Amino acid sequence: MSKVLIIGAGGVGTVVAHKVSQHPEVFQNIVIASRTKEKCDALAKAIGNPDIITDSVDADNVSELVALFKKHNPDIVINVALPYQDLPIMDACLECGVNYLDTANYEPKDEAKFEYSWQWAYRDRFKEAGLTAILGCGFDPGVSGVYTAYAAKHHFKEMHTLDIVDCNAGNHGKAFATNFNPEINIREVTQKGKYYENGKWIYTEPHEIHKPLTYPNIGARESYLLYHEELESLVKNFPTLRRARFWMTFGQEYLTHLRVIQNIGMARIDPIMYNGVEIVPIQFLKAVLPNPKDLGENYEGETSIGCRISGIGKDGKPLTYYIYNNCNHHEAYLETGAQAVSYTTGVPAAIGAMMFLTGKWKRPGVYNVEEFDPDPFMEKLNQMGLPWHEEFNIDLEL
């Protein structure tokens, strides 16, 4: 009998809980925990599975996490809490002998910095404990790495360029809202850009480099070069890459709101004093913005996320390759009550846990998703709501 513990009951946690509940042949026992137990209770009720156990935990507190793990004794923890809670959860996993999976790499609470070094430093301890830690098992990071591994395994002798392209062409009807945790979202998109070329990292100003890219079933959308965490592991694990970049679409109204938020200081992550109380401006902003979990009901349109790769094919000839998924916001909401951004993150997390529990991705140590066999994961993507499509020898536009 296998038991999974999901930490987090937001939009992504909602999708993960729905998906694992759909596969009792793998996930026989399910526990959902977050800071607020009532959110977990409501989620369990919405799923309609009376066997789901709910609990509360402060995921910043290792001792609370240890008590939770000892109480429920899970086989694997799916961490869909906040990125700066990754290390406390990993510490608790080591203390209790529990395997680990997350969807985003650790970043310090007081610094918008994406780097795997903190989690990679746990490799020896997880290996010695005989435990598996799977890092970055959402869509990007996550499926983007699996796509790249699949391309390397089946289509390329050498990959030379990799461009991960992420388009949200949906409309939620709000003046301004973020599609996942506002604190993390705004920190991510306001930092400096960075990409890899010829063995070096090239830095850019935020949103400095942009161009229109054409997305399947959507059309042309202005796309902005950002730094995204999976680039760090992908250039390491696929050393033939000469250039690796990440692109994301933003509407002009979103960028205007974002610029105002920055200019008036509401994107600050350092504490300030207000009426004798210490507050963090971006955390206050999070409290007044729409909850990403509540955007799904009126969300229209779709997302399109994929990898555009060039290099030398297995036959020794030049090859361009595009692999992608399009996900409909409304269909995601009808199935899980969450919009497509949460859906595309939560489904891969559930699949990753399934890969571990069925023995396909079980290896002591700390690993990024592209270090495992991509084939069984790719098969489950098609079966669990994120079908993928391939195009060969096309103009990559990049």
Side-chain angles (χ1 to χ4, degrees), residues 7-14 33-43 56-65 79-89 91 102-115 118 168 172-193 205-207 224 226-229 248 250-296 338-339 341-342 345:
I7 299 182
V12 177
T14 294
S34 75
R35 192 181 297 270
T36 307
K37 185 176 181 295
E38 289 75 16
K39 291 173 62 177
C40 304
D41 294 336
L43 176 52
S56 63
V57 69
D58 177 359
D60 291 312
N61 188 314
V62 176
S63 62
E64 280 197 30
L65 289 162
N79 168 18
V80 283
L82 296 172
Y84 46 73
Q85 294 167 330
D86 289 359
L87 299 190
I89 297 174
D91 287 333
D102 67 29
T103 62
N105 73 353
Y106 173 77
E107 58 177 281
K109 217 171 193 177
D110 57 355
E111 184 181 7
K113 185 176 183 180
F114 300 88
E115 194 173 297
W118 291 288
N168 180 11
H172 46 56
K174 306 289 185 183
F176 181 83
T178 60
N179 291 293
F180 55 96
N181 184 289
E183 184 181 355
I184 303 304
N185 191 188
I186 292 171
R187 283 165 64 132
E188 175 183 308
V189 302
T190 56
Q191 68 172 330
K192 286 194 174 185
E205 291 302 311
H207 312 140
Y224 295 79
L226 305 180
Y227 176 66
H228 225 241
E229 61 220 64
M248 183 174 282
F250 300 108
Q252 285 306 309
E253 187 175 3
Y254 178 92
L255 290 176
T256 299
H257 277 86
L258 194 64
R259 188 162 52 250
V260 172
I261 286 168
Q262 288 180 280
N263 287 345
I264 63 174
M266 289 304 297
R268 287 175 57 175
I269 62 176
D270 56 312
I272 63 168
M273 295 302 298
Y274 174 73
N275 283 349
V277 178
E278 188 178 87
I279 66 168
V280 176
I282 199 169
Q283 291 177 357
F284 174 79
L285 180 66
K286 173 185 173 181
V288 298
L289 287 176
N291 186 338
K293 187 178 178 180
D294 299 332
L295 295 176
Q339 33 85 353
V341 176
S342 295
T345 306

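Values below: all heavy atoms of this structure, side chains included; hydrogens, waters and symmetry mates excluded. In this text, all values refer to a predicted model and were calculated from it rather than measured experimentally.
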Kindly compute the distance separating [atom1] ([X]) from [atom2] ([Y]), expressed to the nearest 0.5 Å.
X	Y	atom1	atom2	answer
Leu82	Arg35	CG	CZ	8.0 Å
Thr36	Asp41	OG1	CG	10.5 Å
Asp86	Asp91	CG	CG	11.0 Å
Tyr84	Asn105	OH	CG	14.5 Å
Arg268	Ile282	CZ	CD1	11.5 Å

Heavy-atom pair of closest approach, residues [X] and [Y]:
X	Y	answer
Ala9	Lys39	O-CE, 4.0 Å
Ala338	Gly11	CB-O, 4.0 Å
Ser56	Lys37	CB-CB, 4.0 Å
His207	Leu226	CD2-CD2, 4.0 Å
Val80	Gly13	CG2-CA, 3.7 Å
Ile272	Pro281	CD1-CG, 4.0 Å

Side chains of [X] and [Y] in contact at under 4.5 Å (non-hydrogen atoms):
X	Y	answer
Val260	Phe176	no
Glu107	Phe114	yes
Leu65	Ile7	yes
Lys286	Val280	no

Hits for side chain to side chain contact (heavy atoms under 4.5 Å, CB included) against Glu115, two or more places apart or cross-chain, chain-then-number order -> Lys113, Ser117, Trp118, Glu232
So does Ser63 get a backbone contact from the side chain of Asn61, meaning a donor-acceptor N/O pair under 3.5 Å?
yes
